[in-house]
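Let me begin by presenting the structure, written as C-alpha cells, before commenting on it.
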Amino acid sequence: MPFRSRYTGLIDKYRDHLPVHDDTRIISLGEGNTPLIRLHNVSDSIGKDVDIYVKYEGLNPTGSFKDRGMTMAVTKAVEDGSKAIICASTGNTSAAAAAYAARAGITAYVLIPEGKIAMGKMAQAMMYGATILQIKGNFDLGMDLVKQVAKEAPVTIVNSINPFRIQGQKTAAFEILEELGFAPDFHCLPVGNAGNITAHWMGYSEYHKSGIVNARPKMIGYQASGAAPFMRGEMVDNPETVATAIRIGHPQSWDKAWALQKESHGWFDELADEDILAAQKLLALSEGVFCEPASAASLGGAIRDVKNGKIPEGSKIVCTLTGNGLKDPDTAIDQCANAKMTTIDATLDEVKRTILDSMAG
Ligand code: AN7
C-alpha cells in the first residue's frame, strides 16, 4: 500500500498506555502528533553550542495542548454517562472543553475571568457553543467555584485536577521520545496550574520505567514574574501578566510540581512580561513560528539559562509552545507598532516604487 494509515488521534495511537477499553467511544478531533521543530536561527544567535527544539502544541485542533487532555477527559466523561462538563479557564481550557463537548454532543459550562481572556479563545468558546459564565474575579476564584458547584450539580470537572487530563497530556512526552530517539537533557514549559509539566513528567517516567535508560530530562518550569507562586514559595493572590493564559496564582498541581522538580533535578524560574514578549517576537521573526505569549516563556527562559550557563553547552533542549499565536491577536499587534506596513494608492507605480525603495534600504 502506498498510503500510510490515517492518524486518528492520540487515544487511538497510545491506547495501550491510556485508560480506555476496546469499546470506549473515543471523542477525538485528531489531536496530538504535533511538529517538533529544530530551531536554527535562534540557536545560532545565542552563540552557544546547544540544540533547541520547539514542540508546537499550537497546532492542535483548538490551537493548544489542552486538546490532548480534553480528548481523554471528555471521552471518559461520556463513558461515565455525563451530560455536561465544566471548567474554570484563562481561555485555552474553555476553548478545548467547548470543542470536545460539541463533538460529543454534551454541554460545556466555562467560567472565565471577565476581560482577561484573549480574543481568539473567546471566539472559540462562543462558536463551539459553550455556556460562558464571565466572572468578576480571576481564574483562581473561578476554580474554587467550579470545585464547589460540581458537588451540587451534575457536571464533570475537566480542569487538570481531572486525572484523565494528565493522562492525555502525557502523550506529548511519548511523541518527543519517539521522534528524537532519545530524551532531551532539558524540557522547558510555561507553568500556570502545573498540570502540563506534571503530565510530561508522567509520560517521560512511564517510558523510563519500561526500561529505556535516560528517558527523563530535567524539567524547567517558567512563570511570569507577576504570577510566579513557585518562585515566591507560596500562593499569589492577585496574579498579573500580559500572558493571560498563565495568570494563575494558586496552582492546582502544587505538590506534584515540587516533587517532579526535585526528582528531575530541574528548577523553576520567572520572566518579566517584556522578556516573554521579546521571546515571542524573536521566535516569529527568526524562525517563522508564532506562539502565544505564555508559550514563549519556555523559550525565553531557555535562552536566558543557556546564556547564563545554567543549561550547559552540548545540551539538547525541548521547549513546549503550548498555544498558537493566533489565540491572542491583540497582544501581537500591540507589539508590532513599527511593523513594515504602509498604505499606498492601488497603482502599479506606487507598488513598484515602494518595493524598490524598500530594497534600496
Ligand atoms: C498557552 O486555559 O490554565 O501549567 O485555563 O493556556 O498546565 O496550567 C491554561 C494554561 C501554558 C499553563 N500555556 O499550563 C486554562 C489554563 C498556555 C496555557 C499554560 C496554559 P498549566
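Since we're looking at a predicted model, the values are computed, not measured. Note that these values count all heavy atoms, side chains included, but never hydrogens, waters or copies made by symmetry. In listed order, ligands and their atoms are each counted from 1.
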Closest protein heavy atom to atom 14 (O) of ligand 1, given as residue, atom name and distance to 0.1 Å: Phe65 CZ, 3.5 Å
Atom of Pro251, atom of Phe230 and distance for their closest heavy-atom approach: CG-CE1, 3.6 Å
Ionic contact status for Glu206 with Arg216, cut-off 4.0 Å: no
Residue and atom name of the nearest protein heavy atom (relative to atom 2 (O) of ligand 1), distance in Å to one decimal: Thr93 N, 2.8 Å
Nearest non-hydrogen protein atom, atom 6 (O) of ligand 1: Asn92 ND2, 2.7 Å
Ser264 side-chain N/O to Gly266 backbone N/O, donor-acceptor pair under 3.5 Å: yes
N-O pairing of Lys121 and Glu292 below 4.0 Å: yes
Aromatic plane relationship, Trp254 with Trp258 - under 30° parallel, 30 to 60° tilted, over 60° perpendicular: perpendicular
Residue part near ligand 1, for Ile246, under 4.0 Å between non-hydrogen atoms: side chain
Within reach of ligand 1, part of Lys66 (heavy-atom separation under 4.0 Å): side chain
Side chain, backbone, both or neither: the part of Ala194 lying under 4.0 Å from ligand 1 by heavy atom: backbone
Ligand 1 N/O within reach of Thr90 N/O, cut-off under 3.5 Å: yes
Over 12 non-hydrogen atoms of neighbours within 6.0 angstrom of CG in Asp80: yes
Nitrogen or oxygen of Asn159 less than 3.5 angstrom from that of ligand 1: no
Whether Ser295 side chain and Gly323 backbone form a donor-acceptor pair below 3.5 Å: yes
Distance from atom 8 (O) of ligand 1 to nearest protein heavy atom, with residue and atom: Asn193 N, 2.8 Å
Protein contact to atom 18 (C) of ligand 1 [nearest heavy atom, distance to 0.1 Å]: Ala245 CB, 3.5 Å
Carboxylate-amine/guanidinium proximity below 4.0 Å for Glu270 and Arg232: yes
Ile197, any N or O under 3.5 Å of ligand 1 N or O: no
Contact check: Ser94 vs ligand 1, nitrogen or oxygen atoms, below 3.5 angstrom: no
Arg38 bridged to Glu287 by N-O distance under 4.0 Å: no
Presence of salt bridge, Asp12 and Arg15, under 4.0 angstrom: yes
Ligand-side contact atoms (ligand 1) for residue partner Val191, heavy atom cut-off under 4.0 Å: 4 (O)
Test item: Ser82 side-chain N/O and Val78 main-chain N/O as donor-acceptor pair under 3.5 Å: no
Atom 7 (O) of ligand 1 [closest protein heavy-atom partner, distance rounded to 0.1 Å]: Asn196 N, 2.8 Å
Backbone or side-chain N or O of Gly195 under 3.5 Å from ligand 1 N or O: yes
Lys NZ or Arg CZ of Lys310 over Trp267 ring: under 6.0 Å, within 45°: yes
Geometric N/O contact Ile248 with ligand 1, under 3.5 angstrom: no
Under 4.0 Å to a heavy atom of Glu292 - the qualifying atoms of ligand 1, by number: 1 (C)
Closest protein heavy atom (residue, atom, distance) for atom 17 (C) of ligand 1: Thr322 OG1, 3.3 Å
N or O pair under 3.5 Å between Lys121 and ligand 1: no
